[in-house]
Amino acid sequence: IFIPVSLRNNVDKQFYTLMLMCVLVMPNLLMFLKSLWKCVFKSYVAPNPRTLGIMCGIESLVAVGTAILVLIVMPKLDVLTNLSIPGGICILSAVLQIAFRLQTQSWMILYPICSLILVLSGYVLLVVDYYVRESSYVPGQVEGCYIYVGIAIFATLLVSLNWWENPFQASTNIQEMLSELDTFRDAIYLFTSLIRIALTLGVYFLYYCLIVEADARINWDAFTKASKGTVEIGLGLFFLQAFCSAACHWFGVVACKIHSMTFAFALPVSLTGPATLILGMILFLTQAEMLVPSSQTASLYSSGDNFTVKTPFWPFCHELETLKDVNTTPVVMLEISYSICKTSLNNPNAMWPFSMLALEGVCMWLGLVSCTYYVWRIKVQRIERTSQLFVRRLYESAFIDLSMLLNTKMKAVLENCVIYLCATMWHETYDEMLKIMTSMFRLDRYRGDPKEEHKDCFDFECHIYVDDGFMIEKDTEKKLVNTYVCDLIQVIMEVYRVFTNKEPDEVSIIETPYGGRLVIVMPEGNMLYIHIKDKELIRNKKRWSQIMYLYYLLGWKGYNVKNPQKITRQNNPSRASLISLDGESYLLPSYDNDSKRRHISDENTYIMALDGDTDFHPAALILLVDRLRMYDTVGAACGRIHPTGMGPMVWYQKFEYAVGHWLQKTAEHVFGSVLCSPGCFSLFRGSALMDDNVLKRYTTKATRASEYVQYDQGEDRWLCTLLLQQGWRVEYNAASDAFTNSPQEFKEFYNQRRRWGPSTLANTLDLLHSGKDTVKRNTSISMLYILYQTFTVASSILGPASVTLMVAGAFQFVFGIEGTLSIIIAVVPPAVYMLICFLAKPNFQITIAAILSVIYAFLMTASFFSIIGDMVKQETFITPTGLFLVSGAILYMVTAILHPQECTLIIYGLMYFICIPSGYLLLTIYSLVNMHIVSWGTRESNKAKEQKKQVGAVCNRDCKMCCWDVKIQVTQETENLVLQQIQQAVNPNTPAAKTEPEEPKAQSNHDMPRKKDNSKENLNKDNEEKDSYYDDDDDDDDDDYYNDYDTLEPKEVVPESDWVEPVKKEFLKKLTYANLKRNLQEQIRYTLRNKNQEDLCEELVLILTDTLNEELRDKVGPEDVLSVSQLEELQYALNEAARRIVKTNRIENGAQRLERRVKRAIERTLVAPQVEKLSEDEHDFWNKLIERYLLPIQDNKAHLEEVTRELKSLRNKAVFLYFIINVLWIVATFFLQAIGTDVLSINIPKYYPNGTLAPDPLRVEPLSLMFLLSFALLLIIQFLQSTKAINTNFLKINTDPKLLNSV
């Protein structure tokens, strides 16, 4: 006899089955729409036919298995079995884990083995359970249930193919195919989602139209007969399930991204099945207890030995048939109860067979948990991509909890990376240098001790490239470092003292083919390189400095680190560097420092481009690093640049930068790709820069007029254009803040924008010209994005005409002049200014521009209030100008509110508004007419030959007080004299200290701290004892370093150039009596940090300071540099004192190791600056690089004249094109004004504030209306994209509380 599987009638069951099919189709439909959006508006990459065929085959099997399991099998089985069966979909994943041995530890293979055994046990229990049901005559069993059980097992095997990628991605198998798949995954999903939808519909219609019994087949006319309650329940459950499954997927992703994997993802998702089962059973038992059986049902029980039914739930299940028509009974609860009654719980003979179903559920659940054990242990990176967390973008709505667990990636490896911070300097001031050096030392402190664990797996090196760093001294004709380099050295020493309260320990001075190099070990062991460029030896300016460090860091250093030369180690302070070594020597691969760097790929080698005045915090850099780590296609990333300074020009730039980043930058980032990553704070991927046609083409020397404009006037924008054309993406991170000095003077601002304007236009036109090829190469750029940029360029070209018409409108509003006359008046000033730019010199042009800017500012201010007054007069703001002003103000206000940390910048909006004519009209004319001037325009130095800075000057300041100019200078001699007088006053018996510093004798600089007196046998004995002692503690590296220090072979004396000696004297100041005391104290404290020896540390500081005072008090003055013999005697005395203190304290463990650390600290304190020689290999590298790319440009007069003619010709063409386009726009508007609004206009209904319609409509010219609508559309697009970027950045910042606090 056929037993119905539900208490509902056939119409209700068919409607519910249709809703169930829609539930399966919904995620596939969403996936199709998302893939279609990406393929149409991002980029479409045609899939490989072979890969497409494999993916379509697998997805087809999964779709068929899911449809059979959910639409055919599950409706025939009970709810408890349906909750247990899906646990078997992990079987393929468990098998592949065992086959590929993906476990990090060998014993962990027990997890997938246990999972496989448990799932197979669950299948066996499932078959046995249904056999017992059939043999014991449990009511409600479907005829032929064995067939459905077998189909269910087969269907789960098909569904388990859904996550085949996860174990394959975690292993090394078919990586080529998987990497290829990632490039066109959107196109694959576009096809497979349609296939899954089609197959789901096919299985549904095939079964319910052809295979199922005739009375259960679909009757389309019967759907109209479904009751209102049935429709409400069906649609309600459908929308509830569709929404909840999508929300579960989204919240699961968020939980993983905010590092709540265990308690917000793994735990709740794993307990979803058991919690649902327990909840259903509780509701079932509650309903069973509340139901009072009828007398007929109660008579089935007897109190004696004779009874018919042995289960207490049989009366409840028997009564369910009579409750199906009662309106007060919830349908869902009734169906769940009826389904549970079909289990062994309703066995009339005994209840123990129900334990098999319970055991089956436990086995399936434990099998799933043990198969996905890695979810509980996975470490998620900060700001992790969804594609790095989950294998598939698609979720399975039928079993959302299981799919989330199985879809989580098995292996998430955080690879180490190397960051080269490269700052280019060009005539920076002292305060500007202070900013960049503070930022670098701040990063050094953040990175901490290299031997300590750190959550941010990155290593870094700092490189500063100083352009034009030498000068010729007028009196002696010697080549010396100029005042800018001297200021930089002073800044380094000052910042070092601020961070450590002492001078730099280890400094090397190296003469190079391009000039010179200073190598300084930063407090935490990271390296700082100062590359001083001589413009007579190497090409000048920023782009060539970038080429210089790109070839050096990515080429020379990258090759040598991966191919270390096994040569004798030399005394090189860069040995303390964590990530790489200077070209002079290399550590063997067995040492940790070099082995770390060797295995870092070019994809994880980053170049941080900085300016000499950039100020940033480590959190800003880390956010950019995370961008490049997460997205392999990102070649560069930039942050939010904040201009600093004071004055009206800075106020204008603050709002200009804010609007540019809030709207334009974010729109580019979301809509396609950022076009320009500014060179003051941008992170570049090494492999992207080394790609074809990027670095090689970047070395191209400008020979034509257009190349001078595109290549040299905006090198950062051109580099980004090359990256985009090669297929790399450039991103923007609004949370990564950096601060840089902005022009504070009107002239400096105009000269800066004179370079930026033509370069921006040239590079954008170049990108648009190669738009089709770029779209094919770059997955982030689509034709729609190209059209967007075309519209943006057209708007900028029409900017002067638009501003002129705005000014004409201002004349019309303020002075009541007619439209045609106001246009004529508005055209006169820019026309006259253009003639002045053609005839006058640049300085006079800027003066006239400044005067006109002030006049325009007054006019715009009057216009602003006149527009407000007109809206009051018209009693409505629904006018073209009123709508534009009000909507623009609202849009900017809302945008500012969405950026709460920067919302105060809206205050400068009025300044920006009144300066629009200056920034978009006068500046455009000035930039175009002076396009032939290719000089830098800012930081230009007029000093042909600089005088050498006063040597020994402790204080050298110019003080300006009212009309008095006071020059204050305190030299070392005068200070020593003052100190000597103070000393004599305090202690008259002390002999006078020498006022002249003693010059160190000429010697090998490496021998200075190492020469020992032969009579000091005790010290040598200590060294022998030290060499024979080794320990497995983490100090071994330091000990080995110290052991090698005394066994190094002496180096040859390096000949010194004229510039070396003054630089060495600056660093020798650390060896003065006054500085030695402070340096020794801080060095001891730093060496013994984190060693739990605070008392011993302070005792050492006290005793060693007294020892130093005893050795030097009567021998040298406070500011005298110690000689070699004095340093040797002092080192011996300090070592003896340290040895006595350590022995006196009787340290039980590690006494000799501690003593060696203290001696190493003493040695570092007394080490002098070292003059070293560049290795022959690196010397040859620089010679070849300079010869090929970086020779100083020496163009002959004829070539320069030819270039000048070409530049002027290009200037004339650009000006003519701009002039014609803008004049046509103005003339069209003029004639429309002349014709009159009565003849040609668009009537817009006018409404008063009370909502009533005015009798006279507003008449607007079509051209003006279209322009306003186009501009408004552009702003709205940028605003919508910025809101999306804000949401994304907010989520990403919240993944790390420390980053949130720092940002």
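FYI, the numbering just counts along the sequence from 1. Quick caveat: nothing in here was measured; it's all calculated off a predicted structure.
Side-chain atoms of Thr740 and Asp611 form no donor-acceptor pair, as typed in the model, at a separation below 3.5 Å. A donor-acceptor contact closer than 3.5 angstrom links the side chains of Gln789 and Tyr785. Ser780 and Ser673 are not linked by any side-chain donor-acceptor pair at a separation below 3.5 angstrom, with hydrogens and angles left out of the test. A donor atom on one side chain and an acceptor atom on the other are not found under 3.5 Å apart for Ser706 and Gln710.
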Arg753 vs Glu656, salt bridge (charged side-chain N to carboxylate O under 4.0 Å, His left out): CA-CA, chis, key distance, verdict
CA-CA 13 Å; Arg753 300 308 170 91; Glu656 181 192 32; 2.8 Å; yes
Begin from the C-alpha positions of Glu707 and Arg704 and carry the test salt bridge (charged side-chain N to carboxylate O under 4.0 Å, His left out) through to its verdict.
CA-CA 5 Å; Glu707 294 175 350; Arg704 297 183 298 175; 3.4 Å; yes
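Put simply, the side chain of Leu765 does not reach to within 4.5 Å of the side chain of His769, judged on heavy atoms. Using a 4.5 Å cut-off on side-chain heavy atoms (C-beta onward), Gln713 and Arg754 make contact. Residues Gln546 and Glu715 meet the side-chain proximity criterion, which asks for heavy atoms closer than 4.5 Å. Between Glu1206 and Tyr708 the shortest side-chain heavy-atom distance does not fall below 4.5 Å. Considering only heavy atoms from C-beta on, Tyr1218 comes within 4.5 Å of Leu761 through its side chain. The shortest distance between side-chain heavy atoms of Gln744 and Glu748 does not fall below 4.5 Å. Side-chain contact between Thr764 and Arg717 is present, with at least one heavy-atom pair separated by less than 4.5 Å. Counting only heavy atoms from C-beta outward, the side chains of Tyr788 and Leu784 never approach each other to under 4.5 Å.
In this structure, Trp544 CH2 and Thr424 OG1 are separated by 14.5 Å, a value rounded to the nearest 0.5 Å. Separating the CD1 atom in Ile825 from the OG1 atom in Thr804 is a distance of 13.5 Å, to the nearest 0.5 Å. Here NZ of Lys776 is found 14.5 Å from CD1 of Ile781. Values are rounded to the nearest 0.5 Å.
Met911 and Ile914 make their closest contact through O-CG1, 3.3 Å (heavy atoms, listed as atom of the first residue, atom of the second, distance). Considering all non-hydrogen atoms of both residues, Val674 and Cys638 come closest at CG1-SG, 4.5 Å. Asn1222 and Gly799 get closest at one heavy-atom pair: OD1-N, 4.3 Å. Nearest heavy-atom pair, Gln845 versus Ile836, reported as atom, atom and distance to 0.1 Å: CG-O, 4.1 Å. The minimum heavy-atom distance between Leu1207 and His932, with the atom names listed, is CD1-O, 3.3 Å. Pairing each heavy atom of Gly714 with each of Asn763, the nearest pair is O-ND2, 4.3 Å.
Residues forming a side-chain hydrogen bond (donor to acceptor under 3.5 Å, both in side chains) with Ser682 (at least two apart in sequence, or on another chain): Ser677. When the side chain to side chain contact (heavy atoms under 4.5 Å, CB included) test is applied to Ala808, the partners found at least two apart in sequence or on another chain are Ser822, Ile823, Ala826. Partners of His642 under the ring pair (Phe, Tyr, Trp, His ring centres under 6.0 Å) rule, at least two apart in sequence or in another chain, are Phe739. Taking Glu1202 as the reference, Arg1205 meet the salt bridge (Lys or Arg N to Asp or Glu O under 4.0 Å) condition, with sequence neighbours excluded. For Trp728, there are no ring pair (Phe, Tyr, Trp, His ring centres under 6.0 Å) partners, not counting sequence neighbours. Scanning for side chain to side chain contact (heavy atoms under 4.5 Å, CB included) contacts around Val1215 gives Met834, Phe838, Leu928, Val929, Arg1211, with sequence neighbours left out. Scanning for side chain to side chain contact (heavy atoms under 4.5 Å, CB included) contacts around Ser742 gives Pro643, Val650, Gln653, with sequence neighbours left out. Taking the salt bridge (Lys or Arg N to Asp or Glu O under 4.0 Å) definition, one finds that Lys701 meets it with Asp1195, sequence neighbours left out. With sequence neighbours excluded, the residues forming a side chain to side chain contact (heavy atoms under 4.5 Å, CB included) with Gln725 are Arg697, Thr721, Leu722, Asp766, Leu767, Ser770, Thr774, listed by chain and number. Considering only residues two or more places apart in sequence or on other chains, Tyr698 meets the ring pair (Phe, Tyr, Trp, His ring centres under 6.0 Å) condition with Trp718. Applying the ring pair (Phe, Tyr, Trp, His ring centres under 6.0 Å) rule to Tyr926 yields the partners Tyr750; only residues at least two apart in sequence or on another chain are considered.
Ring geometry for Tyr912 versus Phe655: interplanar angle of 30 to 60°, hence tilted.
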Validation: residues 855-864 side-chain donor-acceptor distances under 3.5 Å, sequence neighbours left out:
from, atom 1, to, atom 2, distance (Å)
Thr861, OG1, Ala857, O, 2.8

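Look at Asp716 and Lys542 and you find no salt bridge, because none of the NZ, NE, NH1 or NH2 atoms lies under 4.0 Å from a carboxylate O.
The neighbour count for Phe746 CZ, taken as heavy atoms of other residues, nucleotides or ligands under 6.0 Å away, is above 12. Sparse packing is recorded around CD of Glu745, with 12 or fewer heavy atoms of other residues, nucleotides or ligands lying under 6.0 Å away.
Because its NZ or CZ atom is both nearer than 6.0 Å to the ring centre of Trp426 and within 45° of the ring axis, Lys541 counts as a cation-pi partner of that residue.
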